[in-house]
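Okay, structure first, notes after.
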Amino acid sequence: SAPYFTEYVKQQLIDEFGVEAVFEGGLRVFTTIDLDMQAGAHRSIAEYLNRSGDPSSSIVAVDPGTGAIKAMVGGDDFQDSKFNLAVQGKRQPGSSFKPFVLATALKQGIPLSEQIEPGAITIPLPGDDWKVTNSTRGIGSDPISLWQGTIMSVNGVYARLVMRVSAAATAATARALGVASSLPEYPSIALGAVEVSPLDMATAYGALANSGVSCAPYAITRVTNASGKLLMKNDPDCESAVSPEVAYMTTRALQGVITGGTGRRAAIGRPAAGKTGTTQEYRDAWFVGYTPQLATSVWVGYPDEQKEMKSVHGMRVSGGTFPAQIWSSFMKKAHSKVAVTDFKRPKDIVDVKLCTISHQPATKNCPGVYSSLFALSVVPEDSCPLHPDLALSPKKGKNQSSVSQTVFPEQAAVPLVFGMQVSDATDLLENAGLAPRFTFEYVTDIAQVARVIAQDPTGGEIVAGGSTVLVTVGKR
């Protein structure tokens with residue numbers, strides 16, 4: 001029922017005890033596999049990839065707190081191919097590598113609220129220029145927060161970010177978290193231009209789930225001989241990779257990927273974090289994510305060739321399609337009897353209200369504020385320079401009133417208000433954490449009078465909390 005896992009275990013036993021002992025020595029081998037999870041992994045793949053000519057998929061699930069491998073699907077048919085995609089199959093992870101850049105930036109004191117230009121960019125490098133474009137729609141040229149750049153997977157943001165934190169530091173973070181594959185230290189590492197295995201990715205994301213503590217993956221718990229004598233025992237091998245604060249803030253951003261970003265199809269109805277990944281020309285697609293109890297990576301692609309997946313069941317295969325759906329299906333099954341718990345918040349994490357204009361700690365005079373997470377050690381000291389608190393100035397009169405402020409979320413999904421009455425559209429947009437601004441346009445159709453006939457941004461786009469939504473209303 002778990003042939004690739006069994007072969008993985010068998011090879012480790014041969015390396016440890018030799019061929020003769022493994023096949024003729026009467027060894028009793030106890031492993032980490034959860035056969036219910038294993039069956040669920042096979043079923044989840046079959047739910048979505050079930051037609052002739054479909055790409056293959058690999059799943060690896062690990063216990064973040066121990067490194068124990070709970071499920072491993074290494075291919076479609078073990079009899080057809082013994083090559084284990086979960087361990088031996090190394091492919092580019094695309095944007096699912098971005099969390100390692102994010103964690104590196106947070107380690108260096110760059111906050112989630114950092115404003116970074118998102119547009120396409122050409123970066124001069126020795127030997128050749130690095131040209132980076134965006135696949136995300138609706139990205140303008142105005143700076144956006146690192147939080148937004150993460151949940152919308154904006155390449156321009158991450159190209160600029162890796163040049164600040166360095167490719168070498170990013171590779172070091174990925175290795176510390178648990179990526180065992182070789183990592184060349186080039187800037188393109190930020191966008192996943194390296195080759196890793198699904199086991200690498202599940203392990204590294206598991207460290208983020210485990211408050212920054214990375215546990216080496218293992219499949220064998222103990223081995224005895226025929227008479228019961230203990231020959232081998234594996235205990236969890238864990239060490240700190242990043243601080244709990246960095247792991248938590250990275251996790252919060254990756255939760256946004258599922259709740260309002262590129263990974264919405266991965267939602268499982270409980271706290272979860274993850275990231276999509278899609279390589280050039282749709283040749284590889286990933287979703288890697290975790291709950292506090294389980295970290296799972298899903299890869300979809302053609303194992304024998306770099307074949308484009310531009311029409312599978314009539315759609316382009318990105319990380320937010322089949323991989324996210326397979327991940328969601330598997331994780332729902334795996335958690336069916338697991339109590340719902342949230343990620344542990346470190347005591348040195350604080351919420352700071354920032355001005356929506358200056359992105360500095362807000363005063364009571366800022367017209368709008370949003371909340372962002374900071375490690376206590378890097379909370380900005382200076383308050384908003386654009387809206388100083390006049391109460392601190394001796395020139396302020398006794399009767400001067402303060403400007404009221406509205407607290408906005410870090411990011412918001414724009415609701416579709418087309419066709420609604422003004423009052424209903426206002427309520428819906430404000431409840432979503434957005435600021436409606438109305439204009440009026442003459443219409444000939446009486447049914448459009450006093451109703452929304454256009455909006456910008458349109459419904460479904462992800463924007464910064466407090467953003468203005470221009471709403472056009474029909475009038476006679």
Side-chain angles (χ1 to χ4, degrees), residues 1-2 5 31-49 57-74 86 96 99 151 178 198-199 201-215 217-219 221 236 238 247-248 250-277 286-300 319-345:
S1 58
F5 179 82
T31 74
T32 59
I33 197 76
D34 183 315
L35 292 179
D36 288 336
M37 283 193 197
Q38 181 71 21
H42 285 289
R43 290 199 306 273
S44 295
I45 293 172
E47 284 176 32
Y48 293 98
L49 300 175
S57 182
S58 173
I59 293 180
V60 177
V62 300
D63 180 339
T66 64
I69 299 171
K70 311 305 289 185
M72 177 184 287
V73 177
S96 63
I151 69 170
L199 180 59
M201 297 300 282
T203 301
Y205 274 54
L208 296 173
N210 193 33
S211 298
V213 176
S214 177
C215 297
Y218 69 101
T221 56
C238 306
Y248 183 78
T250 302
T251 295
R252 283 292 297 272
L254 298 185
Q255 285 185 275
V257 171
I258 294 177
T259 58
T262 59
R264 288 189 287 268
R265 287 183 173 131
I268 58 174
R270 64 167 64 211
K275 185 72 186 72
T276 54
W286 297 70
F287 191 87
V288 190
Y290 52 93
T291 64
Q293 298 92 351
L294 195 67
T296 301
S297 64
V298 175
W299 169 84
V300 171
T321 61
F322 291 120
Q325 291 170 305
I326 292 169
W327 186 91
S328 175
S329 173
F330 168 73
M331 292 293 271
K332 286 176 180 177
K333 294 179 180 71
H335 289 79
S336 61
K337 298 179 182 178
V338 178
V340 176
T341 58
D342 206 345
F343 297 100
K344 183 178 180 181
R345 177 170 174 145

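- For the atom pair CE (Met37) and NE2 (His335), the distance works out to 7.0 Å, reported to the nearest 0.5 Å.
- Summarising the geometry of Pro64 relative to Pro292, their closest heavy-atom pair is CG-O, 4.0 Å, with the distance given to 0.1 Å.
- Trp286 places none of its side-chain heavy atoms less than 4.5 Å from the side chain of Pro323.
- Proximity of Pro99 to Tyr205: side-chain heavy atoms (C-beta onward) are separated by under 4.5 Å at one or more points.
- Between Leu49 atom CG and Ser57 atom OG the span is 6.0 Å, to the nearest 0.5 Å.
- With Ser329 contributing its side chain and Gln325 its backbone, the two residues share no donor-acceptor pair below 3.5 Å.
- Here the closest non-hydrogen pair linking Ser211 and Ala247 is C-CB, 3.7 Å.
- With hydrogens and angles disregarded, no donor-acceptor distance shorter than 3.5 Å links the side chain of Ser96 to the backbone of Thr276.
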Hey, mind stepping through Thr203 and Val60 against side-chain contact (heavy atoms from CB on, under 4.5 Å) and telling me if it holds?
CA-CA 9 Å; Thr203 301; Val60 177; over 6 Å; no

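- Atom CG of Asp63 is separated from atom CD of Gln293 by 9.0 Å, given to the nearest 0.5 angstrom.
- Inter-residue side-chain proximity for Lys275 and Thr250 is flagged as unmet; no heavy-atom pair is nearer than 4.5 Å.
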Could you go through Leu35 and Phe5, starting from their C-alpha distance and side-chain angles, then the distance that decides it, and tell me whether this counts as side-chain contact (heavy atoms from CB on, under 4.5 Å)?
CA-CA 11 Å; Leu35 292 179; Phe5 179 82; over 6 Å; no

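- Side-chain contact between Thr259 and Ile151: absent, with no pair of heavy atoms (C-beta onward) separated by less than 4.5 Å.
- Separating the OG1 atom in Thr251 from the CG atom in Asn210 is a distance of 10.5 Å, to the nearest 0.5 Å.
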Before giving the answer on side-chain contact (heavy atoms from CB on, under 4.5 Å), spell out for Tyr248 and Lys344 the whole-Å C-alpha distance, their side-chain angles and the decisive distance to 0.1 Å.
CA-CA 8 Å; Tyr248 183 78; Lys344 183 178 180 181; over 6 Å; no

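- In this model, no donor atom of one side chain and acceptor atom of the other lie less than 3.5 Å apart for Gln38 and Ser1.
- Inter-residue side-chain proximity for Val300 and Thr321 is flagged as unmet; no heavy-atom pair is nearer than 4.5 Å.
- Residue pairs that meet the salt bridge (charged side-chain N to carboxylate O under 4.0 Å, His left out) test with at least one member in residues 326-341, sequence neighbours left out, are Glu47-Lys333.
- From Thr262, atom OG1 reaches atom CZ of Phe287 across 7.5 Å, with rounding to the nearest 0.5 Å.
- Using modelled atom types, one side-chain atom of Ser297 and one backbone atom of Pro198 make a donor-acceptor pair closer than 3.5 Å.
- Here the side chain of Arg270 pairs a donor or acceptor atom with the backbone of Ala339 at under 3.5 angstrom.
- Phe322 meets the ring pair (Phe, Tyr, Trp, His ring centres under 6.0 Å) test with His313; sequence neighbours excluded.
- For the ring pair (Phe, Tyr, Trp, His ring centres under 6.0 Å) test, residues two or more places apart in sequence or in another chain that qualify with Phe343 are Tyr290.
- When every heavy atom of Pro217 is checked against every heavy atom of Leu199, the shortest pair comes out as CB-CD1, 3.9 Å.
- Among Val298, Thr291, Val338, Ile326, the single residue meeting the side chain to side chain contact (heavy atoms under 4.5 Å, CB included) criterion with Met331 is Thr291.
- Expressed to the nearest 0.5 Å, how far CE of Met72 lies from CD1 of Ile59 amounts to 12.0 Å.
- Side-chain contact check for Thr66 versus Cys215: every heavy-atom pair is 4.5 Å or farther apart.
- Looking at Ile268 and Trp327, their side chains come closer than 4.5 Å, going by heavy atoms from C-beta outward.
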